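Below is one structure, written out as structure tokens; the observations come after it.
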Amino acid sequence: MVNKEIGYALGISSAISYVGFLFSFVISPACANNISTAFSFWIGTVMMSVSVLASIAAHLTDRWAEKQQRRNHFHSTCSIESRVDDEETKSITSASSRDIGSHRQRCQIPSFPTTFWLICCSCLTIYGVDRTFIDNASGLMLERNLFVVPPNDCRLKHPQQCPSGYLSPAPGNPPIDSNNMSCPEIIPFISYAPPWPQSINLNVTNSESELEQLRWEKSSYVLDPMQQSDINCLDPFFFEACTKAYCQQKNQATETAGFLMTIPYIVTIFTTFLFGHYCVDKCGRSVELLCLSPALLGIAHLLLLLKRGSLIPALVLEGIGNSIGVSALCPSVALVVDQSVSGLAFGLYTSIQNLGLTIIPLIVASIYSHAGKYLPAVELLLICIAALGVMFGMLIMYADKRAGSKLHPQDREAFSGL
């Protein structure tokens, strides 16, 4: 078998790996909100330990298989009658020539075709868009749909007092608009965050023992004006005493974002091996997939750029775009480089991928720290990177045709396996 089912095999491998991502988005927010953040990290440590044990088991299994293969080869060799000496000499000479040629080839610095470097650039854009979105998806979805900053005319009835918790005024402190009507909490596809006080000036004069019972992180809370970023829901002062409803709704929105992020992973898990098997292995359409993947990712983030609308269509497109890219990238590398340097090729491929996963999040962090929000700047950045990915896909198509169409067969005989 020479790369006949590499897309199918890598698709299954990628699908299984994404199962771990899926569980992390469901389990981590629930553990962090209901138990502690440290506990969610311990779960990650346990899963990494399982990964190490699985790698050791795979290594031991591979060594056992090698020993079995050598043992079977030894028995089959002993059962064969002795051959003629000149044939044996020819075989030894031929093997020595191959070893010498192989040694010379290893000593030479390999050169990779232009198609390979373009595939690496395509990988940088596809994974750069998808992984950057994954890293920031929770905050982006909260900002866009799940925990939106309330309208400017929505304020507390008593702006200098706590809205919820045991420090809130006895009659209540409801949010009202400019007409003294209740502010809407939910409109189609939008859930507003509860408004917070304009300012707080609280100095605790209790004894140290009473402060320990309260478990507040500070003895003084002077916030004038009070910003949304000042609310620390890990501090019992905010979570229990002053902004209880805000923190509860934020925790619920975070868990909802985690469940919504399972959508692209579920799509990826159930479609990656299908794209790999039928579109890559059977039809040889890796080039078209490398153009289509960033295009779908760009459309997904264009939908997210819109202020209104459901998150689900964009998340489905994100999953399909990522699935297509994953199913086409690695098999394409295997098809355009010589098998003797495949290890070096995949090492360079991974290094360039990690370069993108290092630089792009730094740009996003810089944008967020400057603007204080994700929309629209971060989404515009991801759309531009996706457009760059489409351009690289078209360049791959051109370079592959010049190199003999290894990725894009022109002969209909290539589809005879269908």
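All residue numbers refer to positions in the sequence shown, counting from 1. Bear in mind the structure is a predicted one, so any value in this text is a computation, not a measurement. Worth knowing before you read on, the calculation uses all heavy atoms, side chains too, and leaves out hydrogens, waters and symmetry mates.
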Q. Atom OG in S327, atom CZ in F273: separation rounded to 0.5 Å?
A. 11.5 Å
Q: Using modelled atom types only, decide if a donor and an acceptor are shared between the side chain of N173 and the backbone of Q161 within a distance under 3.5 Å.
A: yes
Q.
For T125, run the side chain to side chain contact (heavy atoms under 4.5 Å, CB included) check against L382, L297, I385 and tell me which one passes.
A. I385
Q) Hey, are the side chains of S138 and L142 touching, using non-hydrogen atoms and a 4.5 Å cut-off? A) yes
(Q) Would you call the rings of F237 and Y221 parallel, tilted or perpendicular, taking 30° and 60° as the class edges? (A) parallel
(Q) To the closest 0.5 Å, what do you measure between CG (L118) and OG1 (T114)? (A) 6.5 Å
Q: Kindly say whether the aromatic ring centers of F239 and Y246 come within a distance under 6.0 Å.
A: no
Q. Strictly by modelled atom types, are S323 and T272 linked by a side-chain donor-acceptor pair under 3.5 Å?
A. yes
Q: Would you check, one step at a time, whether the test side-chain contact (heavy atoms from CB on, under 4.5 Å) holds for I352 with W117?
A: CA-CA 9 Å; I352 294 173; W117 297 110; 4.0 Å; yes
Q. Is N354 reaching over with its side chain to a backbone N or O of T350, donor-acceptor style, under 3.5 angstrom?
A. yes
Q) For M226, does its backbone N or O pair with a side-chain atom of D230 as donor and acceptor, under 3.5 Å? A) no
(Q) Please determine whether a side-chain nitrogen of the Lys or Arg among E66 and R63 lies less than 4.0 Å from a carboxylate oxygen of the Asp or Glu. (A) no
Q: Examine distances only and state if a side-chain atom of T115 and a backbone atom of I396 form a donor-acceptor pair shorter than 3.5 Å.
A: no
Q: Could you tell me how the ring of F112 sits relative to the ring of F116: parallel (under 30°), tilted (30 to 60°) or perpendicular (over 60°)?
A: tilted
Q) Is R144 reaching over with its side chain to a backbone N or O of G309, donor-acceptor style, under 3.5 angstrom? A) yes
Q.
Tell me whether D235 contacts the main-chain N or O of F238 through its side chain, where contact means a donor paired with an acceptor under 3.5 Å.
A. no
(Q) Nearest 0.5 angstrom please: L329 CG to S286 OG, how far? (A) 9.0 Å
(Q) Please check: side-chain N/O of S168 versus main-chain N/O of G165, any donor-acceptor pairing under 3.5 Å? (A) yes
Q | D400 side chain vs L407 backbone, donor-acceptor pair below 3.5 Å | A | yes
Which donor-acceptor pairs under 3.5 Å do side chains of residues 360-367 form with protein atoms, sequence neighbours excluded?
none

(Q) Using modelled atom types and a 3.5 Å cut-off, is there a donor and acceptor pairing between side-chain atoms of E143 and backbone atoms of L375? (A) yes
